[in-house]
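Mind having a look at this structure? Questions to follow.
Within every chain, numbering begins at 1; the chains are lettered A, B, ... in the order of the sequence lines, protein sequences first and strands thereafter.
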Amino acid sequence: MATPCVFCGAAAFYRLFLGGRVSLTRRQGVWKAAAAELQTDTGFQILRLRHTTGVTTKKNVAALRRETYTVDFIKKQIEEFNIGKRHLANMMGEDPETFTQEDIDRAIAYLFPSGLFEKQARPVMKHPEQIFPKQRAIQWGEDGRPFHFLFYTGKQSYYSLMHEAYGKLLEAEKRQSQLQAKGLFSEKTETKDLIGSRWLIKEELEEMLVEKLSDQDYAQFIRLLERLLTLHCGAEEEFVQRFRRSVTIQSKKHLIEPVQYDEQGMAFSTSEGKRKSAKAEAVVYEHGSGRIKVNGIDYLLYFPVTQDREQLMFPFHFLDRLGKHDTTCMVSGGGRSSQAGAIRLAVARALCSFVTEEEVEWMRQAGLLTADP
Amino acid sequence: MLNRVTRLVPRARQLDPGRFLHGGPQGPQGLAVHLDDRVPDETPRAGSRPSEDDPAGAGEQREDRHYRIPLQDLPTVFAHGLPRRFGLQTGTAVLAGVSWSLGCTLDPVAQPRRRTGAGRAAAPSGRRVCSAPLAPARPASRVCQVKTFHEACLLVRRPALELLRHLDGTNFAHPAVRYVLYGEKGTGKTLSLCHVIHFCAKRDWLVVHVPDAHLWVKSCRGLLRSAYNRQRFDQPVEASSWLKSFKTANERFLSQIKIQETYMWNKRESTEKGRPLGEVVEQGLTRVKNATDAVGIVLKELKSQSCSGAFRLLVAVDGVNALWGKTTLKREDKSLMAPEELALVHSLRKMVRNDWHGGAVVLALSQTGSLFTPRMAYLPQELLGKEGFDALDPFVPVLVSNYSPEEFERCIQYYLENSWLQHEKAHTEEGKKELLFLSDANPGQLERLCAYL
């Protein structure tokens, strides 16, 4: 029993270290010597870290060459990861079949608590695909001839993608001109799919193609895709959708306070706001004449400075509801400007209960609902 | 001519039987004002502006109107100067012998207004123009307003109207009634006081006006031990400046009133009994050392002689809580003085007592210039303290509050008519709501918001 434990312990330990160190290895070539040793070793030996003491001033040319992980190596890593996952599940007393990545993270955080501030420096156990950078397979055969016809452009995936996209564009134009010739062309606007999604950013595209791109390349590609979109052809939509990511609508995350009713039947809404070290709680009544009381004092007396009163006015003025609501606020902490800001946030949040969702979204975009630390 | 007739007609419709009308440029007509006495002005105004020389504006219709005071009156009635902000707004036409701060509405300047009034029927603006040269009694902001608009306009408001009505009905055989204007900061106490002063000046009362009693208890240079009473201190600078304004304001009375005692200034100089009061004032002005005593004498004489009925006396003091507060003046041994050790304060305290008759006392409290009082304090009890409250008790309190919606609207209309508010939203409802919110209908705040930079 001891041996499997040692094995699993060592295996887990080994995986961890590999995971933690490989991400660093990618960045610095200093670890190369140790990494090379790791790759050839089996998992049973206790690792000994070989540091190169101090920072070498000479550029280690050999070390700067990028690490190449062979396909077999990656496969082996994946097998070891899966086995290690099962062992970890056994250790934690859980079912190995249904052990997900979140469970792994929790287990590692439990077994290896770390107080390091840099999250990426903490022990991590993830699937090798997430740890090892994506690398291209060998691009040429045994005779040295490259497989892809665009290999000698240097950016074969990018150019082949551009070719593909342009080919689709030409087809779409041909189809459109055919339709126009027949007179069956109809103006269909399908711009709705653009809302709620965004184009890939350059980094994401690079990751997809496993190739470095320049800004101009990226811009060219996006322009081509947008041109494709203007042609409104259904066939190309899936192609284009591959390059769009959805954007979550932020306002849906907002919690809108429910409207409450007091003894007289007056509707009101309460909420809180903070700014710097000031905290405020505001009660906004639905019907009123625009009076505001802060800590029991009229707001003109509490905020003699016009700037603070302008801050209070902002939510009401934005929604065009000046003079329609009565407000009572309690505020503490901070200075006069922070208190004004805290009350403004509280009032804006309270007003969310009385306005439409669209107006809530406008308020959010205006910055009324964002807490200012 | 036709213009003037048509303009007079709308005004006539608004007149109530109880209204007094003054002929403005013809000078005050004394208390013998007849009902329905209509005297056409030399500068007929648009229907939006009521008769300039009718400070009373009797009747509810006159409320929320702007009342314009002819600028010629500004130097004399308000010899101490308008409040600085008000005066700059009304315009500085310097008349001979008038302090700079007063705006004078010269008739030619007022001409253009005539045309605007033709269409207006029955909505005269409640703007008041204080053309009477007021001493720096006016708040500083108001002085600005006089300079800018070349006219002094005050809004006729309820507290002032109330006071005027009371003053109209005073029984001069009874001891002088004391009215105390109080309210939050910036609500218009000082300007209501000015309104009352102008009203009384037009009625030919003798006005004893102290623009700001706080100036007498702080930052005074040149304190001297009083020769009359070794316990008290003289303030030659303040006393002489006050005497100068007093003289400008009440020129005509100084020769009429005769003193009833002989006063020895020093071994060589004295003023005999029966000499006009003007000589005492002159003595105070020429011999600055005796200025404080001259002030004391003037006040004493006025008080004793008002009972005789030769004239009506109005004592108007702004910032009266200074008389019973603390001072920041130091004695020779660097200890703080009490207000009663100042001769000026002492004589003024005697003046505001109600042991005389033949006039009235109108006082205004002010926290703004006061020393060692909390910012939020505005009630008489808080500002006067126990001692002051007991000294002034009994008095008629008059609360001056923020603008009502109509008054606010009126004020904005005044600015718009003068093309002062240039923002494109100023004409719209939303713009007005913004202003209302930001100023919270406080007259002082609104004025600051709309002032020039």
Heavy atoms of other groups near A/Glu207 CD, more than 12 under 6.0 Å: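 It does not: A/Glu207 CD has 12 such atoms or fewer within range.
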
Is the number of heavy atoms from other residues, nucleotides or ligands under 6.0 Å of A/Glu238 CD greater than 12?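 Result for CD/A/Glu238: open.
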
Do other residues, nucleotides or ligands put more than 12 heavy atoms under 6.0 Å from the NZ atom of A/Lys202?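 Check passes, neighbour count above 12.
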
Name the member of B/Asn402, B/Asp440, B/Leu436 that forms the most heavy-atom pairs with chain A at distances under 4.5 Å.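 Highest number of heavy-atom pairs under 4.5 Å: B/Asp440.
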
Would you mind checking which part of A/Phe303 comes under 4.5 Å of any heavy atom in chain B, side chain (CB onward), backbone (N, CA, C, O), both or neither?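 Looking at A/Phe303, nothing touches chain B.
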
Counting only heavy atoms not in B/Phe372, do more than 12 fall under 6.0 Å of its CZ?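 It does: B/Phe372 CZ has more than 12 such atoms within range.
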
Residue part contacting chain B, namely of A/Ile292, when any heavy atom lies under 4.5 Å: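 Looking at A/Ile292, just its side chain touches chain B.
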
Rounded distance (nearest 0.5 Å) linking atom CD of B/Glu184 with atom CG of A/Asp298: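 So the gap between those two atoms works out to 7.5 Å.
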
Once you round to the nearest 0.5 Å, how far does CG of B/Leu438 lie from CE of A/Met313?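 Result: 4.0 Å between the selected atoms.
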
Atom OG1 in A/Thr306, atom CD in B/Gln445: separation rounded to 0.5 Å?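 So the OG1 of A/Thr306 and the CD of B/Gln445 are separated by 5.5 Å.
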
Quick one: CE on B/Met376 to OH on A/Tyr302, what's the gap to the nearest 0.5 Å?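 Going from the CE atom of B/Met376 to the OH atom of A/Tyr302 covers 8.5 Å.
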
A/Arg291 atom CZ, neighbour heavy-atom count above 12 within 6.0 Å: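 Counting other residues, nucleotides and ligands, CZ of A/Arg291 stays at 12 neighbours or fewer.
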
Let me confirm one number: the CG-NZ distance from A/Leu300 to B/Lys185, rounded to the nearest 0.5 Å.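 Output value for this atom pair is 9.5 Å.
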
So that I know where these two stand, are B/Phe437 and A/Tyr299 an aromatic pair - ring centroids less than 6.0 Å apart?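 When the ring centroids of B/Phe437 and A/Tyr299 are compared, they turn out to be within the sub-6.0 Å range.
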
When B/Glu434, B/Arg375, B/Lys433 are compared by non-hydrogen pairs under 4.5 Å with chain A, the top option: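 Looking at each option in turn, the highest pair count goes to B/Glu434.
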
